[in-house]
S.K.: 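Here it is, the structure, as structure tokens.
By convention here, the first residue in the shown sequence is residue 1. Each ligand, and each atom within it, is numbered from 1 in the order the structure gives.
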Amino acid sequence: MESTASAPGKAILFGEHAVVFGQPAIAVAVDKRAQIIVRKGKEKYTTVRSADLGVHADLDLFNNNCIIKKGKSGIINYILESLLMAHDGSSLDIELKMEMPIGAGLGSSAAVTVATLAALDNFHEKEINISSLAKKAHNVEIKVQGAASPLDTAVSTYGGLVYLSEKSEVIPLDADLENSLVIGYTSQRGNTGKMVESVHLRRDRHPEIMDPVIESVGKITREARKILSNNHHNNFKLNHDTEYTGSNLGESNLGELMNINHGLLDAMGVNTLELSQMVYKARQAGAQGAKITGAGGGGSIIAYCPGKILEVLNALQQSENAIKADFSKEGVIIQ
Ligand code: MEV
């Protein structure tokens with residue numbers, strides 16, 4: 001018996017960190033996936049191998065122990081927690097194929113967690129319920145990171161462009177952002193758990209200053225939702241070799257909101273010199289808006305640049321890595 005599942009990474013457009021404090025957020029699934037293949041094990045321990053990440057680990061599921069044979073343990077912890085939640089402990093062979101970098105703010109841990117849980121349920125011939133899969137994956141992230149919102153795991157599970165409400169409802173948005181987003185990632189890796197904790201500590205030191213910052217991010221996200229909902233289809237139809245013809249008001253407002261959100265992420269203390277430089281380079285190259293995406297402290301920025309994709313890609317690639325962020329309408333898939 002072999003079971004395979006995959007799930008997409010994500011890019012957050014608005015609301016990271018504030019979402020951990022109960023504010024809404026908007027994120028999009030990207031076409032970079034994590035794929036997990038589960039087979040019955042031949043060895044005493046469950047083995048996890050990933051040629052893409054250069055990782056090999058043995059997992060002793062009865063003693064909750066991870067023996068790293070090669071590479072780093074980070075992403076393995078999410079697989080271990082998923083196994084403890086959704087498997088009986090018998091030995092398995094697990095292969096991980098990764099299309100995205102780890103710690104780059106693209107939701108690699110959520111994608112791996114969602115794909116692992118789905119592959120395990122399928123392996124055990126259990127019917128997959130999307131909403132309970134997203135909840136289980138969120139619980140795995142909380143166990144590994146200490147604190148996490150349901151955002152990353154929801155986007156990885158459902159796919160598409162998602163508004164996560166204050167009540168953690170997953171509301172699909174119908175805007176067409178195709179050919180308008182670029183992601184630039186620094187070589188510095190971010191640690192989501194640590195960044196979430198550092199924002200909490202800053203908030204606890206200065207509640208009267210930081211609470212309005214967090215609430216303002218929530219207001220930005222609600223405003224962005226209105227713009228995205230009013231501008232679906234034609235207004236967003238652009239590609240990199242056509243001139244920008246969309247609704248000027250809506251489009252420039254969206255970019256401006258991203259820029260304000262970036263300033264507030266800086267106020268939360270998650271910005272770095274590299275991220276700042278990329279944000280300013282993207283704006284200089286014609287992006288209407290650019291901000292950190294994900295936890296920060298390293299990782300990635302996202303630029304909204306309809307009609308200027310190539311210019312922004314070229315500018316960012318001079319110093320760091322950058323990719324055009326293509327959508328994934330598909331969330332988790334059993335293959
Ligand atoms: C990380 O991709 C997004 C954060 O808001 C953390 C979370 O939502 O769990 C920083």
Side-chain angles (χ1 to χ4, degrees), residues 7-30 32 34 74-75 77-78 81 100-114 134-158 161-170 181 183-186 188-203 210 213-218 220-221 224 258 261-262 264-272 275 291-302 325 328 331:
K10 62 90 199 32
I12 299 176
L13 291 172
F14 295 97
E16 51 274 268
H17 287 294
V19 69
V20 184
F21 295 86
Q23 297 294 333
I26 298 175
V28 62
V30 295
K32 303 270 174 256
I75 205 82
N77 293 328
Y78 294 87
E81 277 305 332
M100 71 196 101
I102 303 282
L106 299 182
S108 52
S109 58
V112 168
T113 304
V114 170
K135 279 195 192 111
K136 276 198 276 180
H138 178 214
N139 286 334
V140 167
E141 283 218 319
I142 291 176
K143 284 224 163 107
V144 178
Q145 289 169 203
S149 78
L151 179 64
D152 291 11
T153 41
V155 177
S156 247
T157 308
Y158 290 88
L161 180 65
V162 163
Y163 179 85
L164 188 81
S165 78
E166 297 80 341
K167 293 182 198 145
S168 294
E169 299 150 317
V170 176
L181 297 173
I183 291 171
Y185 49 99
T186 65
Q188 204 186 351
R189 298 284 164 251
N191 178 317
T192 302
K194 277 194 188 140
M195 296 319 292
V196 167
E197 195 192 348
S198 77
V199 174
H200 266 93
L201 292 174
R202 181 173 284 209
R203 187 259 153 209
M210 293 312 295
V213 168
I214 292 163
E215 280 154 25
S216 289
V217 173
I220 290 171
T221 304
M258 285 174 84
N261 194 163
H262 179 74
L264 296 175
L265 283 164
D266 203 359
M268 290 182 199
V270 302
N271 202 0
T272 66
L275 291 169
K291 61 179 271 294
I292 292 167
T293 184
S300 304
I301 66 131
I302 188 154
S328 173

S.K.: I need the minimum non-hydrogen distance between Met100 and Leu106, along with the two atoms involved.
M.R.: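 Heavy-atom minimum between the residues: SD-O, 3.7 Å.
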
S.K.: Give the residue and atom name of whichever protein heavy atom lies nearest to atom 4 (C) of ligand 1, and the separation in Å to one decimal.
M.R.: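 The protein heavy atom lying closest is His17 N, 3.9 Å.
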
S.K.: With heavy atoms of Lys10 as the reference, note each atom of ligand 1 found under 4.0 Å away.
M.R.: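 Atoms satisfying the 4.0 Å criterion: 2 (O).
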
S.K.: Using a strict 4.0 Å cut-off to heavy atoms of Ala148, name the atoms of ligand 1 that fall inside it.
M.R.: 9 (O)

S.K.: State, yes or no, whether a side-chain contact exists between Ser109 and Val144 at a heavy-atom distance under 4.5 Å.
M.R.: no

S.K.: Ile12 heavy atoms, cut-off 4.0 Å: which ligand 1 atoms fall inside?
M.R.: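 Near Ile12, the atoms of ligand 1 are 2 (O), 3 (C).
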
S.K.: Hey, does Glu16 have a side-chain heavy atom less than 4.5 Å from the side chain of Leu151?
M.R.: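 Not in contact.
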
S.K.: Just to confirm my output: which protein heavy-atom neighbour is closest to atom 1 (C) of ligand 1, and how far is it?
M.R.: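 For atom 1 (C) of ligand 1, the nearest protein heavy atom is Asp152 OD2, 3.5 Å.
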
S.K.: Check whether the side chains of Thr113 and Glu141 place a donor and an acceptor atom closer than 3.5 Å, and report yes or no.
M.R.: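 No - no donor-acceptor pair under 3.5 Å links their side chains.
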
S.K.: Report, in ascending order of atom number, the atoms of ligand 1 lying under 4.0 Å from any heavy atom of Val19.
M.R.: 5 (O), 8 (O)

S.K.: State the atoms of ligand 1, each with its element, that fall below the 4.0 Å cut-off from a heavy-atom position in Val196.
M.R.: 6 (C)

S.K.: Would you indicate whether the side-chain heavy atoms of Gln23 and Thr221 approach each other to under 4.5 Å?
M.R.: no

S.K.: Compare Ser149, Gly297, Gly299, Gly15 and give the one whose heavy atom is closest to atom 7 (C) of ligand 1.
M.R.: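 The residue whose heavy atom sits nearest atom 7 (C) of ligand 1 is Ser149.
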
S.K.: Numbering the atoms of ligand 1 from 1, which are under 4.0 Å from a heavy atom of Glu16?
M.R.: 5 (O)

S.K.: Measure the shortest side-chain to side-chain distance between Lys10 and Val30 over non-hydrogen atoms and say whether it is less than 4.5 angstrom.
M.R.: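 Lys10 vs Val30: side chains apart.
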
S.K.: Do Leu181 and Leu13 touch side chain to side chain, with heavy atoms closer than 4.5 Å?
M.R.: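 Yes - at least one pair of side-chain heavy atoms lies under 4.5 Å apart.
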
S.K.: Strictly under 4.0 Å, does any heavy atom of Met195 approach an atom of ligand 1?
M.R.: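 So Met195 does not count as touching ligand 1.
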
